[in-house]
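Got a structure for you, questions after.
For ligands, and for the atoms within them, numbers begin at 1 and follow the listed sequence.
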Amino acid sequence: MNIAVFDSGIGGMTVLHQIRKLMPNENFLYYADTAHLPYGEKPKNELKKYIFEAADFLVARDIKALVVACNTATSAAIEDLRQNYSIPIIGIEPAVKPAVIESQSEMKKVLVMATRLTLKEEKYHRLVERIDKHDIVDPLPMPKLVEFAEAFDFKPEDIVPYLQKQLQPFDLNQYGTVVLGCTHFPIFKDIIQQQFPKETHVIDGGLGTALNLKHTLERLHQIGGGSGRITYFKSGVEVKDTETLAHYDQLLKKLDAMP
Ligand code: DGL
């Protein structure tokens, strides 16, 4: 049986990469809904339709769990998905809690980078209300990072000017933790880190999601049984084109090489 990993595009591969490190003996179906990207700029109701199309497609295949490796899709639809399917469904949300605990003790602030929709959603606001008692959390949408990633453009000379422009209104010395609340963003983790003082922590929820999946499958005695094979789909069509598959492979290698 497979583990399905789903995102609007290649962002979910940052989560897939963490899952593969923890659970090498699994087979994966990776689904990128590229026909409807970017999720972060779409109205929630439209998005839900796309998310259910993808989930229906994956659940009809031989899967033992569905990982919604997209903060935006999690915030828009995770509860509805859980009500509709009986397999385990693991989501990802911005790692605000560990960030607040860490930064509060250092008398610093937290910057949450995510998509516009994630930052607008009630799920995010409830999370921040519950945790951010001293008003130290600031949101920052970064939609263009999704575009750069989808174009496989990882060149610092393209990314850095955009980061500088977005970060220009903020006093970066104030931030103890930067939360990467969109699964596309860890691809640029090293470049983002370089914009902040060395002591600033840049964190994301990929490993936590992978651990959550592992514990869930262990509890259900459903761990293992695969060989690490990944089958890729773009909006319901299997990816067979060798150039795209080579790009995916390169991205996984790039993520493997990151600290
Ligand atoms: N990777 C997705 C996330 O984690 C969203 C990217 C998009 O806007 O499509 O939120």
Side-chain angles (χ1 to χ4, degrees), residues 4-19 30-55 58 66-81 89-96 99 111-125 127-128 139-154 159 162-163 166 178-189 192 202-210 212-213 232-236 247-248 251-252 254-255:
V5 180
F6 160 65
D7 180 40
S8 59
I10 60 168
M13 287 177 69
T14 61
V15 182
L16 175 66
H17 148 78
Q18 298 287 0
I19 298 172
Y30 185 87
Y31 189 107
D33 192 14
T34 48
H36 303 120
L37 184 120
Y39 274 13
E41 301 288 302
K42 298 247 163 24
K44 180 174 168 177
N45 282 340
E46 184 183 340
L47 212 57
K48 273 194 178 172
K49 189 170 128 293
Y50 303 142
I51 295 166
F52 270 92
E53 273 167 24
L58 290 165
L66 171 63
V67 180
V68 182
C70 174
N71 294 263
T72 312
T74 300
S75 69
I78 198 83
E79 276 94 16
D80 294 345
L81 287 169
I89 299 183
I90 313 291
I92 184 165
E93 61 180 8
V96 176
L111 191 62
V112 181
M113 296 182 181
T115 67
R116 244 187 278 279
L117 188 70
T118 299
L119 296 171
K120 212 171 71 183
E121 265 310 298
E122 202 190 317
K123 193 168 170 54
Y124 173 77
H125 288 282
L127 176 71
V128 172
L140 177 61
M142 284 284 201
K144 249 178 121 41
L145 285 185
V146 176
E147 286 177 37
F148 285 125
E150 289 300 318
F152 287 97
D153 180 355
F154 311 132
I159 314 301
Y162 173 64
L163 289 177
Q166 295 295 96
V178 177
V179 177
L180 306 182
C182 167
T183 54
H184 281 75
F185 299 173
I187 299 173
F188 305 107
K189 187 173 178 177
I192 294 171
V202 180
I203 65 167
D204 65 80
L207 178 59
T209 303
N212 190 357
L213 172 69
Y232 292 97
F233 298 91
K234 270 189 183 179
S235 304
H247 271 144
Y248 290 163
L251 177 58
L252 285 174
K254 175 181 159 70
L255 294 167

Inset, instruction - Just need the protein heavy atom nearest to atom 8 (O) of ligand 1, so name the residue and atom and give the distance. - result: G40 N, 2.8 Å
Inset, instruction - Under 4.0 Å from a heavy atom of S8: give me the atoms of ligand 1 that qualify, with their elements. - result: 5 (C), 6 (C), 7 (C), 9 (O)
Inset, instruction - Evaluate whether atom NZ of K120 has more than 12 neighbouring non-hydrogen atoms of other residues, nucleotides or ligands under 6.0 angstrom away. - result: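 It does not: K120 NZ has 12 such atoms or fewer within range.
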Legend entry - Non-hydrogen atom of G9 closer than 4.0 Å to ligand 1: no
Legend entry - Side-chain H-bond candidate by donor/acceptor type, E46 with H36, under 3.5 Å: no
Legend entry - Close N or O approach (T118, ligand 1; < 3.5 Å): no
Legend entry - side-chain hydrogen bond (donor to acceptor under 3.5 Å, both in side chains) partners for D204, two or more places apart: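 With sequence neighbours excluded, D204 shows a side-chain hydrogen bond (donor to acceptor under 3.5 Å, both in side chains) to no residue whatsoever.
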Legend entry - Under 3.5 Å: donor-acceptor pair, side chain of T183, backbone of A69: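 Checked: pair present.
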Legend entry - side chain to side chain donor-acceptor pair (under 3.5 Å) evaluation trace for Y39 with D33: CA-CA 9 Å; Y39 274 13; D33 192 14; 2.5 Å; yes
Legend entry - Shortest reach to atom 1 (N) of ligand 1 by a heavy atom, considering only M13, E150, H184, E147: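 Checking each option, the heavy atom nearest atom 1 (N) of ligand 1 is found in H184.
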Legend entry - Atom pair CD1 (I187) and OG1 (T14), whose distance is rounded to the nearest 0.5 Å: 6.5 Å
Inset, instruction - Consider every N or O of E41 and every N or O of ligand 1, then say whether any pair is closer than 3.5 Å. - result: no
Legend entry - ligand 1 atoms in contact with V146 (distance to a heavy atom under 4.0 Å): 6 (C), 7 (C)
Inset, instruction - Output the list of atoms in ligand 1 that are nearer than 4.0 Å to some heavy atom of T115, sorted by atom number. - result: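 Reading through ligand 1 atom by atom, the close ones are 5 (C), 8 (O), 10 (O).
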Legend entry - Contacting atoms of ligand 1, where contact means under 4.0 angstrom from a heavy atom of N71: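 Going through ligand 1 atom by atom, the ones under 4.0 Å from N71 are 3 (C), 4 (O), 10 (O).
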Inset, instruction - Considering only non-hydrogen protein atoms, determine which one is nearest to atom 7 (C) of ligand 1 and report residue, atom name and distance to 0.1 Å. - result: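 In this structure, atom 7 (C) of ligand 1 has Y39 N, 3.3 Å as its nearest protein heavy atom.
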Inset, instruction - Inspect the contact between E147 and K144 and indicate whether a charged nitrogen and a carboxylate oxygen are less than 4.0 angstrom apart. - result: yes
Legend entry - Heteroatom proximity flag, D7 to ligand 1, N/O under 3.5 Å: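 Yes; at least one N/O pair falls below 3.5 Å.
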Inset, instruction - Report yes or no: is the cationic atom of K42 (NZ for Lys, CZ for Arg) closer than 6.0 Å to the six-membered ring centre of Y50, at no more than 45° off its axis? - result: no
Legend entry - Atoms in ligand 1 with a heavy atom of T72 nearer than 4.0 Å: 3 (C), 5 (C), 10 (O)
